[in-house]
Amino acid sequence: QVQLVESGGGSVQAGGSLRLSCAASGYMYSRYCMGWFRQAPGKEREGVVSVNTISGSTYYADSVKGRFTISRDTRKNTVYLQMNNLKPEDTAMYYCAAIPSSGNYCPNLSPLIYVNWGQGTQVTVSS
């Protein structure tokens, strides 16, 4: 069983930055996709970005391109989400998730395909 623990959320003003971390432990897949998702009150959970832990290939939602950057530290089994130029519409609970991967790419940002989830960390952006 893969355990995922997010950290780094908080409250910032618009234009500010936050860095989220997701540490994975327990049984680890040899190759997997790691994704960041978010869910605002009253809205469906949406995919923000994914990364393949072996190839490093990434996919970003259009809403965060140019502002968010995902990175990984394979030695620490940790994935990071650097969020810059935050906007009030970025306010949400942010989750990381994982799924085994047989390839080098993780283009599907649908939360429905991910099987392991963290507990989430809250990000609040005020105007």
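Residues: numbered from 1 along the sequence shown.
Leu81 and Val2 fall within the same hydrophobic cluster, defined by Ile, Leu, Val, Met, Phe, Trp and Tyr side-chain heavy atoms under 4.5 Å apart, directly or through other members. Val64 is connected to Val79 through a chain of hydrophobic side-chain contacts under 4.5 Å among Ile, Leu, Val, Met, Phe, Trp and Tyr, so both are in one cluster. Hydrophobic clustering places Val48 together with Val115 (ILVMFWY residues linked when any side-chain heavy atoms are closer than 4.5 Å, directly or through intermediates). Residue Val123 is grouped with residue Met34 when hydrophobic side chains (ILVMFWY) are merged at heavy-atom distances under 4.5 angstrom, including chains of intermediate members.
Atom OG of residue Ser101 and atom OH of residue Tyr32 lie 11.5 Å apart, to the nearest 0.5 angstrom. To the nearest 0.5 angstrom, Met83 atom CE is 9.5 Å from Arg67 atom CZ. Atoms CE and CD, from Met93 and Gln119 in turn, are 8.5 Å apart once rounded to the nearest 0.5 Å. Thr53 OG1 to Asp73 CG: the interatomic distance, rounded to the nearest 0.5 Å, is 12.0 Å.
Contact of the Thr91 side chain with the Glu89 side chain is not registered, since no non-hydrogen atoms from C-beta on lie closer than 4.5 Å. Considering only heavy atoms from C-beta on, Arg72 stays 4.5 Å or farther from Tyr80 through its side chain. Counting only heavy atoms from C-beta outward, the side chains of Thr69 and Tyr60 approach each other to under 4.5 Å. At a threshold of 4.5 Å between non-hydrogen side-chain atoms, the residues Thr121 and Leu20 count as touching.
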Passes ring pair (Phe, Tyr, Trp, His ring centres under 6.0 Å), Trp117 versus Phe37? Steps please. CA-CA 10 Å; Trp117 290 86; Phe37 300 81; 4.9 Å; yes
Worked check of salt bridge (Lys or Arg N to Asp or Glu O under 4.0 Å) between Lys65 and Asp62: CA-CA 5 Å; Lys65 283 181 181 177; Asp62 289 342; 3.1 Å; yes
Could you walk me through whether Ile99 and Asn116 satisfy the side chain to side chain contact (heavy atoms under 4.5 Å, CB included) test, starting with their C-alpha distance in whole Å, then the side-chain angles of each, then the deciding distance to 0.1 Å, before giving a yes or no? CA-CA 7 Å; Ile99 182 174; Asn116 303 106; over 6 Å; no
Could you please spell out the steps behind the side-chain hydrogen bond (donor to acceptor under 3.5 Å, both in side chains) verdict for Asn52 and Ser57? CA-CA 5 Å; Asn52 185 285; Ser57 66; 5.0 Å; no
Checking Tyr114 against Cys33 for the side chain to side chain contact (heavy atoms under 4.5 Å, CB included) test, could you report, in this order, the C-alpha distance in whole Å, the side-chain angles of both residues, the deciding distance, and whether it holds? CA-CA 9 Å; Tyr114 281 75; Cys33 297; 3.7 Å; yes
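Screening Cys106, Ser110, Pro111 for a side-chain contact (heavy atoms from CB on, under 4.5 Å) with Asn108, the sole residue that qualifies is Ser110.
A donor-acceptor contact shorter than 3.5 Å is absent between the side chain of Glu6 and the backbone of Ser21. Here the side chain of Gln13 pairs no donor or acceptor atom with the backbone of Ser126 at under 3.5 angstrom.
In terms of heavy atoms, Gly47 sits closest to Ala61 at O-CB, 3.5 Å. Considering every non-hydrogen atom in both Leu4 and Ala24, the closest pair reads CD2-CB, 3.6 Å. Across every non-hydrogen atom of Ser17 and Asn85, the tightest pair is OG-N, 4.3 Å.
A cation-pi geometry, defined here as NZ or CZ lying under 6.0 Å from the six-membered ring centre and within 45° of its normal, holds between Arg45 and Tyr95.
Under the side-chain hydrogen bond (donor to acceptor under 3.5 Å, both in side chains) criterion, Asn104 pairs with Arg31, sequence neighbours left out.
In this pair, Phe68 and Tyr94 present their aromatic rings tilted. The plane angle is within the 30 to 60° band.
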